[in-house]
Amino acid sequence: MEEARLLERLCDWCSRFTPLAALDCADGLMLDISGVAHLFGGEEALIEDCRDRLAAQGFTVAAGVGGNPLAAWALARFSRVKIAPDPLSDKAFAKLFHDLPLAALGLDDKTVADLARAGLRRIGDIALRPRAPIAARFGPMPIARLDALKGLERSSIAPRFRPPDFCAERRFASPVQTFQAIEATLCKLADDLVVLLERQAKGARRIELELYRVDGDVRRIRVGASRPLNEARAIVRLIAERLASRDEEPIDAGYGVDLMRLACLAAEPLAPSQAELERAHEAERARALAELLDRLSARLGARAVTRRELIEAHLPEQAEAAAPATLGQARLRGENRHCQERSDEAIQRNAEPTTVSGLLRHSPSQTGVSRRPMARNDGLNSAPARPLRLFVRPEPIEALAEVPDGPPLRFRWRRVLHDIAAIEGPERIAAPWWRRVGAPTRDYFRAEDSEGRRFWLYREGLWGRETAQAKWFVHGVFG
């Protein structure tokens with residue numbers, strides 16, 4: 001475990017060279033330096049810089065550079081030549097790899113031993129022979145690994161961290177140790193990051209400050225914004241609020257910080273807007289509220305400041321959830337945790353349309369029920385309204401109805417008897433059939449008692465098909 005954590009720490013530190021840094025088995029790292037080697041003076045200079053910095057921390061490193069992960073792995077572990085030319089011709093490949101042992105292909109020990117018993121000990125021994133007999137005797141793996149070494153098969157690495165959308169960094173010739181120097185550099189990095197964001201007409205939603213110390217320690221400070229940001233002062237203020245929180249440790253520069261990087265982990269389009277003069281105060285108020293949410297989230301943590309998000313779920317109790325206030329709508333939709341409820345809702349609409357009866361007015365002086373339409377408050381929309389207050393758990397009630405599958409006449413809830421004066425329904429809602437097998441169907445009613453109080457009731461189970469005695473519940477209240 002200690003070695004694994006040490007290797008992870010080294011992988012985090014190596015992200016100073018490229019954001020695409022990954023673990024390679026239990027004793028190695030893999031860096032994708034495509035397009036970044038020239039920033040360090042070339043591939044050889046990059047290797048020397050990495051080797052010298054790790055040697056200063058007490059590590060002995062064997063490094064290799066190749067056109068694909070397997071080539072770099074083989075050169076680092078088995079070859080005296082550490083850098084493969086690009087492009088790599090067949091003649092150069094033979095000169096560079098044919099004399100290497102078969103273990104350089106990454107084969108297991110049993111396969112290597114079987115090949116050795118057949119007199120095949122070098123990569124050139126199988127590269128210069130017909131493929132069919134080798135694959136027939138030893139399986140397809142030796143030939144597949146040989147093709148991977150040549151770059152004939154697509155291969156990739158799995159970085160520990162997602163590469164940022166935008167980033168700005170500063171490298172110091174002499175490490176900085178004071179907080180004032182770090183703060184001044186942060187302001188400059190924020191200005192550079194804003195320039196990159198403005199070029200793409202985007203704003204930052206997730207921001208990370210990375211501090212690389214000379215002793216190998218890496219400090220990462222992440223903040224989120226409730227709206228896309230493209231203002232340097234706002235970005236700096238969020239990071240300052242995060243550092244001032246009780247959960248965040250103060251910055252310890254140690255022997256000095258030689259690299260600072262400000263990265264935008266998530267960006268969203270920033271549509272240009274021009275507020276009307278009479279509504280300018282509303283736009284300013286919304287902006288002030290967003291800034292307050294950002295500061296509270298940075299100071300208290302993203303999970304401490306939440307907002308209610310509407311979800312397109314079929315069941316009412318799953319139609320909303322608490323989400324961090326700094327989580328963007330696009331990111332929330334990207335998670336798509338409730339896709340099954342949405343598809344279930346579409347299936348229900350196609351299979352069994354919602355039934356809404358007319359409004360019934362109960363008259364206490366008559367034995368029957370007079371049907372007189374009551375004024376609707378939802379305009380042209382015929383869908384039943386949802387209550388503003390929805391209970392976390394529906395509460396059982398005692399209801400009396402004329403027929404088992406009809407609307408209730410009166411019900412008792414919390415020891416209080418309510419006589420229903422008007423009622424609307426039913427609205428039939430079924431549970432997702434592939435997630436809750438045998439779950440009862442619900443028939444919802446919007447009821448108003450004789451004192452004007454309005455309730456959202458439902459009957460659980462279809463009488464005669466799902467249950468012999470239906471159960472009644474109150475799920476919410478209006479107003």
Side-chain angles (χ1 to χ4, degrees), residues 1-86 96 100 103-104 106 155-164 167 169-177 182 185 208-221 251-263:
M1 292 297 295
E2 292 293 336
E3 293 181 356
R5 285 194 291 266
L6 176 61
L7 194 62
E8 291 178 356
R9 186 176 68 84
L10 290 178
C11 185
D12 297 346
W13 179 85
C14 285
S15 61
R16 64 180 295 127
F17 299 104
T18 171
L20 302 177
L23 299 173
D24 183 39
C25 301
D27 59 348
L29 304 175
M30 192 69 66
L31 309 181
D32 188 347
I33 60 173
S34 302
V36 301
H38 68 280
L39 301 177
F40 300 89
E43 296 172 347
E44 186 175 357
L46 190 152
I47 287 181
E48 289 297 329
D49 185 18
C50 181
R51 184 184 291 113
D52 293 343
R53 292 179 182 273
L54 290 175
Q57 300 179 33
F59 297 100
T60 302
V61 179
V65 178
N68 57 79
L70 183 57
W73 183 85
L75 293 176
R77 288 169 168 80
F78 299 96
S79 177
R80 294 181 180 180
V81 180
K82 299 302 182 181
I83 301 178
D86 187 27
L96 191 60
L100 299 184
S155 57
S156 60
I157 64 176
R160 270 179 52 81
F161 299 100
R162 178 178 177 270
C167 70
E169 65 179 36
R170 287 286 190 279
R171 297 179 183 271
F172 305 101
S174 58
V176 296
Q177 295 179 321
I182 294 176
T185 305
E208 181 180 66
L209 175 63
E210 303 173 6
L211 304 175
Y212 294 82
R213 297 190 340 190
V214 295
D215 59 356
D217 185 72
V218 181
R219 176 71 180 279
R220 300 178 186 271
I221 303 170
I251 294 179
D252 181 14
Y255 293 101
V257 175
D258 61 348
L259 172 62
M260 287 182 58
R261 178 182 296 155
L262 186 63

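Values in this document were obtained by computation on a predicted structure and should not be read as measured data.
One finds no salt bridge joining Arg5 and Glu8 here, because no Lys/Arg side-chain nitrogen approaches an Asp/Glu carboxylate oxygen to under 4.0 Å.
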Kindly determine whether Arg219 and Val257 satisfy side chain to side chain contact (heavy atoms under 4.5 Å, CB included), including the steps that lead there. CA-CA 10 Å; Arg219 176 71 180 279; Val257 175; over 6 Å; no
List the steps, then state whether side chain to side chain contact (heavy atoms under 4.5 Å, CB included) holds for Phe40 with Glu48. CA-CA 10 Å; Phe40 300 89; Glu48 289 297 329; over 6 Å; no
Checking salt bridge (charged side-chain N to carboxylate O under 4.0 Å, His left out) for the pair Arg213/Asp252: CA distance, chi angles, key distance, verdict? CA-CA 9 Å; Arg213 297 190 340 190; Asp252 181 14; 3.6 Å; yes
Decide side chain to side chain contact (heavy atoms under 4.5 Å, CB included) for Phe17 and Arg53; before the verdict, give the C-alpha distance in whole Å, the side-chain angles of both, and the deciding distance to 0.1 Å. CA-CA 12 Å; Phe17 299 104; Arg53 292 179 182 273; 4.2 Å; yes
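Arg171 contributes atom CZ, which lies 5.5 Å from atom CZ of Arg16 (distance to the nearest 0.5 angstrom). Taken from CG in Leu262 to CG in Leu211, the straight-line distance is 10.0 Å, to the nearest 0.5 Å. In this structure, the separation between CD1 on Ile83 and CG on Leu46 is 9.0 Å, given to the nearest 0.5 Å. In this structure, the separation between CD1 on Ile157 and CG on Leu23 is 10.0 Å, given to the nearest 0.5 Å. With values rounded to the nearest 0.5 angstrom, Met260 atom CE is found 6.0 Å from Ile182 atom CD1. In this structure, CG in Leu54 is found 6.5 Å from CG in Leu10, a value given to the nearest 0.5 Å.
Of all heavy-atom pairs spanning Asp27 and Arg77, the tightest one is OD1-NH2, 3.3 Å. Across every non-hydrogen atom of Pro159 and Pro19, the tightest pair is CB-O, 4.4 Å. Shortest non-hydrogen contact noted between Arg261 and Cys167 is CG-CB, 4.3 Å. When all heavy atoms of Gly64 and Ala72 are compared, the closest pair comes out as O-CB, 3.7 Å. Annotation for Cys11 and Leu29: closest pair CB-CD2, 3.6 Å, computed over non-hydrogen atoms. Counting all heavy atoms, side chain and backbone alike, Ala71 lies closest to Gly67 at CB-N, 4.3 Å.
Proximity of a side-chain donor or acceptor of Lys82 to a complementary backbone N or O of Val65 within less than 3.5 Å is not detected. In this structure, the side chain of Thr18 engages the main chain of Asp32 through a donor-acceptor pair within 3.5 Å.
The 12-atom threshold is not exceeded at OH of Tyr255, counting heavy atoms of other residues, nucleotides or ligands nearer than 6.0 Å.
Geometric assessment of Arg220 against the ring of Phe161 yields a positive cation-pi assignment under the 6.0 Å and 45° thresholds.
Arg9 places a side-chain heavy atom less than 4.5 Å from the side chain of Leu6.
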